[in-house]
Amino acid sequence: MQIEKEKLRSANVMIGECQDKIRCLTQQRDYARTHQKIVEIPVEKPVLYEKCEACDRTDYQNAKAKYETQKERLAGQYKAKTVMFQTTLFCC
């Protein structure tokens, strides 16, 4: 009987600690949502053009390919940073 009371007491303490941690993390999440800074990063957008139909379109194709690779790279960096931010919120 004494052992069961001790287990119940330790379980209640653990539940209280977990609830405090959840409360703290939700406060941090809400604070981050309300106080986040919106930062605009200037990205050079290449001008995609073609001179005429008879001209070689390699410049246009190269510029388009460069733009697409840069766009994919930045999207990957954004995704990595959001995942890192979310893990720091939930792991702390």
Query raised in the report: Who passes side-chain hydrogen bond (donor to acceptor under 3.5 Å, both in side chains) against R23, sequence neighbours left out?
Result: D20

Report summary line: OG1 of T69 to NZ of K71, rounded to nearest 0.5 Å, is 11.5 Å

Query raised in the report: Would E4 and L8 count as a side-chain contact (heavy atoms from CB on, under 4.5 Å) if you check the C-alpha gap in whole Å, the side-chain angles of each, and the deciding distance to 0.1 Å?
Result: CA-CA 6 Å; E4 291 179 13; L8 182 63; over 6 Å; no

Report summary line: Those residues at least two apart in sequence (or on a different chain) that pass side-chain hydrogen bond (donor to acceptor under 3.5 Å, both in side chains) with R9 are E6

Query raised in the report: If you round to the nearest 0.5 Å, how far is CZ of R29 from CD of Q27?
Result: 10.5 Å

Report task. Apply side-chain contact (heavy atoms from CB on, under 4.5 Å) to the pair K66 and Q70, showing each step before the final yes or no. Result -> CA-CA 6 Å; K66 184 177 176 183; Q70 185 179 17; 5.6 Å; no

Query raised in the report: Going by the ring pair (Phe, Tyr, Trp, His ring centres under 6.0 Å) test, which pairs reach into residues 4-31, not counting sequence neighbours?
Result: Y31-H35

